[in-house]
Amino acid sequence: MATPKPSVLIVCLGNICRSPMGEAVLAHVAKERGIDIHVDSAGTAGYHVDDIPDERTTATCEKHKVPIEHKAQQVVESHFTEFDYILASDNANLTALNQIKDKLSNQPDKPTAQVKLFSSWDDGKPIQDPYYGGMDGFETCFAQCERYSHAFLDAIIGDRNKSSL
Ligand code: 4NP
């Protein structure tokens, strides 16, 4: 039987800046490296549910020739059994995710996802929220997403030769 492909949910606060960019970059890097994974993203807050990504997120991805298509969603309990990895953009979102995971641990549908910082396999730094700043914050976010995607894939799969990013 074929091994099921790894599934990853990238999480930030609003799901319009950092995590849809993380989703797009991880999916793109994995595709270039010939790695079959399922990637999605969500926010710990629901302010922007159903919104498309922030135009600065889209512009930054387009500049780097990374396709992006997403509608914002909020994290739900079923994500904790649906995904192998739930990767937080920063420590505030990691704390919020671990609170949900702890609560679910006493329930019949126990959480199976590994909840970690996206940067866990690299420098362990948070991705700062670029929402209230300029385009430089989005470029920094993109560079971090690229770096953390490679480090994550190195850890779970290996072979980064094929990517141009
Ligand atoms: P994100 O950025 O968490 O990277 O999507 C934000 C987007 C919107 C808001 C905060 C952060 N907001 O407060 O509306």
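Indexing begins at 1, ligand by ligand and atom by atom, following the structure's order. Since the structure is predicted, the reported quantities are computational estimates derived from the model, not experimental observations.
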Undergrad: Under 4.0 Å, heavy atoms only, figure out whether ligand 1 is touched by the backbone of Y132, its side chain, both or neither.
TA: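 The answer is the side chain.
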Undergrad: Answer with yes or no whether the side chains of D40 and Q73 bring together a donor and an acceptor at under 3.5 Å.
TA: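 Side chains of Q73 and D40: pair found under 3.5 Å.
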Undergrad: Looking at I16, which atoms of ligand 1 are within less than 4.0 Å of one of its heavy atoms?
TA: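 Here the atoms of ligand 1 in question are 5 (O), 7 (C), 8 (C).
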Undergrad: Please check this pair: side chain of Q74 against backbone of T44, looking for a donor-acceptor N/O pair closer than 3.5 Å.
TA: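 Between the backbone of T44 and the side chain of Q74 there is a qualifying donor-acceptor contact (under 3.5 Å).
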Undergrad: Measure from the side-chain N and O atoms of E23 to the backbone N and O of I68, and report whether any donor-acceptor pair falls under 3.5 Å.
TA: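 Not a single qualifying donor-acceptor pair exists.
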Undergrad: List the residues meeting side-chain hydrogen bond (donor to acceptor under 3.5 Å, both in side chains) with N91, not counting sequence neighbours, and say none if there are none.
TA: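 Once residues adjacent in sequence are excluded, N91 has no partner under the side-chain hydrogen bond (donor to acceptor under 3.5 Å, both in side chains) criterion.
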Undergrad: With backbone taken as N, CA, C and O and side chain as the heavy atoms from C-beta onward, which portion of D129 lies under 4.0 Å from ligand 1: side chain, backbone, both, or neither?
TA: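 Answer for D129: side chain.
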Undergrad: Does the plane of the ring in F152 sit parallel, tilted or perpendicular to the ring in Y85? Use 30° and 60° as the thresholds.
TA: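 The rings of F152 and Y85 stand perpendicular, inter-plane angle above 60°.
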Undergrad: Side chain, backbone, both or neither: which part of D54 has a heavy atom under 4.0 Å from ligand 1?
TA: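 The answer is neither.
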Undergrad: Under a heavy-atom criterion of less than 4.0 Å, does H48 contact ligand 1?
TA: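 For ligand 1, residue contact (heavy atoms, under 4.0 Å) with H48 is present.
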Undergrad: Could an N or O of ligand 1 be found under 3.5 Å from any N or O of L13, whether backbone or side chain?
TA: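 N/O-N/O distance below 3.5 Å exists for this pair.
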Undergrad: S19 versus ligand 1: do any nitrogen or oxygen atoms come within less than 3.5 Å of each other?
TA: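 S19 vs ligand 1: no N/O contact under 3.5 Å.
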Undergrad: Any nitrogen or oxygen of C17, side chain or backbone, less than 3.5 Å from one on ligand 1?
TA: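 Yes; the residue has a nitrogen or oxygen that sits under 3.5 Å from a nitrogen or oxygen of the ligand.
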Undergrad: Give the residue, atom name and distance (to 0.1 Å) of the protein heavy atom nearest atom 1 (P) of ligand 1.
TA: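 Here the closest protein heavy atom is C12 SG, 3.5 Å.
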Undergrad: Show me which atoms of ligand 1 lie under 4.0 Å from any heavy atom of G14.
TA: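 Matching atoms, with element in brackets: 1 (P), 3 (O), 5 (O).
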Undergrad: More than 12 heavy atoms of other residues, nucleotides or ligands under 6.0 Å from NZ of K71: is that the case?
TA: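 Result for NZ/K71: open.
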Undergrad: Could you check whether atom NZ of K31 has more than 12 heavy atoms from other residues, nucleotides or ligands sitting under 6.0 Å from it?
TA: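 Atom NZ in K31 is not packed in, count stays at 12 or less.
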